[in-house]
Chemist: 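Right, I'll just put the structure down here and ask away after.
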Amino acid sequence: MIKPTYEFYSQLQQAYDWFNKTLFENALPSCLITVQREKNTLGFFSPLRWSNEGEKNVHEIALNPAYFANSKIVEVFQTLVHEQCHLWQHEFGRPSRSGYHNREWADKMESIGLMPSSTGRPGGDKTGQRMSDYLIKTGQFKQACIELIESGHQFRWADRRIPRSDILNLSQHSVIPLSPDQDGSMLLQPLIPSPESLLSIPMATLIPHFEHHAEQQKAKSKTKYSCPICDVNVWGKPNLHIRCEACSELFISI
């Protein structure tokens, strides 16, 4: 019997343990990983948020599953490691005020292969309240991602409620779209690219027979979209697939 909760969280735990080993020398303590649909947030770190009957306190790392299907797998890993750097700083460094990304955090990110940037691109500020990051092509993080994928790691669950237009846009990423199901759903059958090329492919294309069902709701004439990094808002037709020109993050509907 498939146990989705166990399988999904086991995959997150496996990724956490792998990056702890390869990027942090197994120095990070165990934490509680959660998934939460927090508006305008890819993920967050909350220190000592949980405790048990033995009065053991542990940190929390939360990831937003609403981004998983449309995100590149490397972006999901980036979010996790971004928060692991906050956990590292809480344990071994000196964090600044809540939510602020200071120089110590930025230096740690850079040392493991992720370049902090307020825009998500070269030239952005390395410190600030709201920060993104981008891949250092020769860094440890990229190599750790490739090795993790080569080991057989794969996220086998993703949110199905992504716009149909986004599903159709995935066809450019080595995907064979099959015939629509009776209810109009699209069934996707991925090809098997190289481990390195997997880093830039949206996760929905990596899940065999990923199936999308449109929400049965009254159609809206306009939808508000927001960039989770820059707090820029735009209005447009429902089911648009757009990215912020400033930071390259995917706009989300709110």
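Small disclaimer: the values here were computed from a predicted structure and weren't measured. Residue numbers count from 1 along this sequence.
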Chemist: So do Q89 and N102 actually touch side chain to side chain, heavy atoms under 4.5 Å?
Modeler: yes
Chemist: Quick check: does any side chain N or O of S118 sit under 3.5 Å from a backbone N or O of D125, one acting as donor and the other as acceptor?
Modeler: yes
Chemist: Taking atom types as modelled, is there a side-chain donor on S226 or N233 under 3.5 Å from an acceptor on the other?
Modeler: yes
Chemist: Counting only N and O atoms by type, is there a donor-acceptor contact under 3.5 Å from the side chain of S117 to the main-chain atoms of T119?
Modeler: yes
Chemist: Establish, yes or no, whether a centroid distance under 6.0 Å links the rings of W18 and H153.
Modeler: no
Chemist: Would you say that E83 contacts L87 through its side chain, given a criterion of any heavy-atom pair below 4.5 Å between the two side chains?
Modeler: no
Chemist: Strictly distance-based, threshold 3.5 Å: is any side-chain N or O of D133 a donor or acceptor partner for the main-chain N or O of E110?
Modeler: no
Chemist: Please go through I136's hydrophobic cluster and name the other residues, only I, L, V, M, F, W, Y counting, with side-chain heavy atoms under 4.5 Å joining them.
Modeler: M115, Y134
Chemist: Any chance you could pull the hydrophobic cluster mates of L32, using side-chain heavy atoms under 4.5 angstrom and chaining through other members?
Modeler: W50, V58
Chemist: Output yes when a side-chain donor or acceptor of H59 lies under 3.5 Å from a complementary backbone atom of L48, and no otherwise.
Modeler: yes
Chemist: Which value, rounded to the nearest 0.5 Å, describes the distance between L114 atom CG and Q84 atom CD?
Modeler: 10.5 Å
Chemist: Looking only at the aromatic ring of each residue, does the gap between the centers of F77 and F141 stay below 6.0 angstrom?
Modeler: no
Chemist: Just so I know, are the side chains of Y67 and T79 near enough to count as touching, which here means a heavy-atom distance under 4.5 Å?
Modeler: no
Chemist: Taking atom CZ of R130 as the centre, does the number of heavy atoms from other residues, nucleotides or ligands within less than 6.0 Å exceed 12?
Modeler: yes
Chemist: Do Q11 and Q154 have side-chain atoms, one donor and one acceptor, less than 3.5 Å apart?
Modeler: no
Chemist: Tell me if the CD atom of Q13 is crowded by more than 12 foreign heavy atoms within 6.0 Å.
Modeler: yes
Chemist: Please confirm whether the backbone N or O of E245 pairs with a side-chain atom of R121, one donor and one acceptor, at under 3.5 Å?
Modeler: yes
Chemist: Without swapping roles, check the side chain of H101 against the backbone of T127 for a donor-acceptor pair under 3.5 Å.
Modeler: no
Chemist: Report yes or no: do N20 and E25 form a side-chain donor-acceptor pair below 3.5 Å?
Modeler: no
Chemist: Do the ring centers of W105 and H82 come within less than 6.0 Å of each other?
Modeler: yes
Chemist: Is it the case that the side chains of T22 and Q140 hold a donor-acceptor pair, with the cut-off being a distance below 3.5 Å and no angle test?
Modeler: no
